[in-house]
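Structure record follows, encoded as structure tokens.
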2 protein chains.
Amino acid sequence: MPLGQGYPAQDCAIARALEVVGDRWTLLVLRDCFFGVHRFADLVARLDVPRAVLSDRLDRLVAAGLLVPDGRSYRVSEAAWPLWPALRSLAAFGEAAQTEAGGSVRRFAHVACGTDTTADGHCPTCGTVPPPPDLVVRAVGGPGRREDPVSVALRSPHRLLTPLP
Amino acid sequence: MPLGQGYPAQDCAIARALEVVGDRWTLLVLRDCFFGVHRFADLVARLDVPRAVLSDRLDRLVAAGLLVPDGRSYRVSEAAWPLWPALRSLAAFGEAAQTEAGGSVRRFAHVACGTDTTADGHCPTCGTVPPPPDLVVRAVGGPGRREDPVSVALRSPHRLLTPLP
DNA sequence: CACGGAGGTTCGGTCATTGAACTAGGATCG
DNA sequence: CGATCCTAGTTCAATGACCGAACCTCCGTG
């Protein structure tokens with residue numbers, strides 16, 4: 001999203017959120033981190049993002065406390081969990097265009113129950129809203145457009161927040 | 001969000017969503033439209049957005065089918081309703097910073113039950129997730145930072161998607 | 001016609017983004 | 001030990017989005 005330097009005059013929680021995650025690429029970086037991508041080179045390979053921009057976004061996410069640097073890798077902190085519903089909602093909104101274009105779509109299953117969560121994040125079996133670590137993501141539908149090794153690895157089912165090899 | 005022209009290489013519903021609503025100001029425009037702001041001049045007054053940028057964003061939102069032009073006003077189409085949970089999730093994430101800064105916070109009550117919905121959008125009384133038109137928004141907490149007439153009018157309780165006078 | 005308001009468009013200047021090239025530090029190989 | 005490779009950045013010129021202010025156009029009123 002955005003540019004400039006935030007929305008200082010806005011008296012709104014959404015504006016405050018967008019000052020942290022509203023920049024171009026930031027939400028996609030966070031998405032990949034939730035999916036288990038945690039190395040700089042893997043993020044570059046998956047996102048085709050300029051290295052300087054990725055470096056800036058990682059710094060900002062660390063400064064905001066959403067990512068925690070751990071040597072040469074970045075991990076999602078618990079402070080970022082409240083953003084997971086926003087990512088899931090955006091994905092639900094974007095799925096219409098995605099399926100039209102022949103791309104693949106992701107589903108999120110509750111580990112404890114084995115059932116897919118609904119578009120609003122609830123597990124239909126137990127009725128709860130599982131936190132990100134209790135979800136297993138898998139790709140369904142189209143063949144997927146990206147063939148880089150990281151994207152291929154992400155297509156097989158795996159638990160959120162678990163670092164990929 | 002973004003800049004450039006989208007995320008064409010991404011095979012992801014979130015990227016598709018961000019190509020529509022990821023630009024700077026776009027989500028804030030949509031937020032105000034959900035709140036009932038529907039005139040160009042009112043959006044300029046509330047957002048302090050450059051008129052050229054607002055014009056561009058409204059055009060894009062109309063092209064995407066999320067807003068419908070109606071003479072000199074813009075109304076939220078039903079196609080935009082799936083974005084409401086994303087806005088609500090972002091607001092929930094941003095509330096921590098907002099309350100620290102002394103700003104006000106918004107609550108969304110289910111009209112049929114009279115109770116506030118939870119952070120994940122559920123009505124605790126009836127258990128459903130009310131669609132946007134069934135919600136009444138009101139400001140609680142701080143005094144609010146903006147004193148322009150539109151922002152003042154928005155602070156009193158009113159139904160979502162209902163055009164302000 | 002003069003006037004004012006609403007809804008834009010135009011314009012120069014600034015600043016984020018882009019892509020390519022370069023650097024620094026650590027591990028590995030011979 | 002030195003050479004090589006990998007990872008994780010940084011630097012830099014060019015592009016293009018954003019900003020603010022001024023201008024333009026249409027419409028309704030007096």
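Since we're looking at a predicted model, the values are computed, not measured. A, B, ... follow the sequence lines: proteins, then strands. Residue 1 opens every chain.
Judged by distance alone, with hydrogens and angles left aside, the side-chain atoms of Ser89(B) form a donor-acceptor pair with the main-chain N or O of Pro85(B) at under 3.5 Å.
In this structure, CG of Leu54(B) is placed 13 Å from C1' of dA6(C), rounded to the nearest angstrom. One atom, CZ of Arg51(A), and another, P of dT11(D), lie 14 Å apart when rounded to the nearest Å. The CG atom of Asp42(B) sits 13 Å away from the P atom of dG8(C) (whole-angstrom rounding). Between the CZ atom of Arg46(A) and the C1' atom of dT7(D) there is a distance of 20 Å, given to the nearest Å. Atoms CG (Asp48(A)) and C1' (dT17(C)) sit 15 Å apart, rounded to a whole Å.
When distances are taken from the side chain of Arg57(A) to each of dC19(D), dG7(C), dA16(C), the shortest belongs to dA16(C). Nearest nucleotide to the Arg72(B) side chain, out of dG7(C), dC18(D), dG9(D): dG7(C). The side chain of Arg39(A) lies closest to dA8(D) when the candidates are dT9(C), dA8(D), dG20(D). The side chain of Phe40(B) lies closest to dG8(C), out of dA21(C), dG20(D), dG8(C). Relative to the side chain of Trp25(B), the nucleotides dG19(C), dC19(D), dG8(C) differ in distance, and dC19(D) lies closest.
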Do Arg146(A) and Gln10(B) pass the side-chain contact (heavy atoms from CB on, under 4.5 Å) test, and can you show the C-alpha distance, the side-chain angles, and the key distance before you say yes or no? CA-CA 8 Å; Arg146(A) 299 190 63 88; Gln10(B) 288 296 304; 3.9 Å; yes
Chi angles and distances behind the side-chain contact (heavy atoms from CB on, under 4.5 Å) call for Leu43(A), Val49(A): CA-CA 8 Å; Leu43(A) 288 166; Val49(A) 59; 5.7 Å; no
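Looking at heavy-atom distances under 4.0 Å, Val53(B) makes contact with sugar-phosphate atoms alone, never a base. At the heavy-atom level, Ala52(B) lies under 4.0 Å from base atoms of the strands shown.
Using a cutoff of 4.0 Å between basic side-chain nitrogens and carboxylate oxygens, Asp120(B) and Arg88(A) are not scored as salt-bridged.
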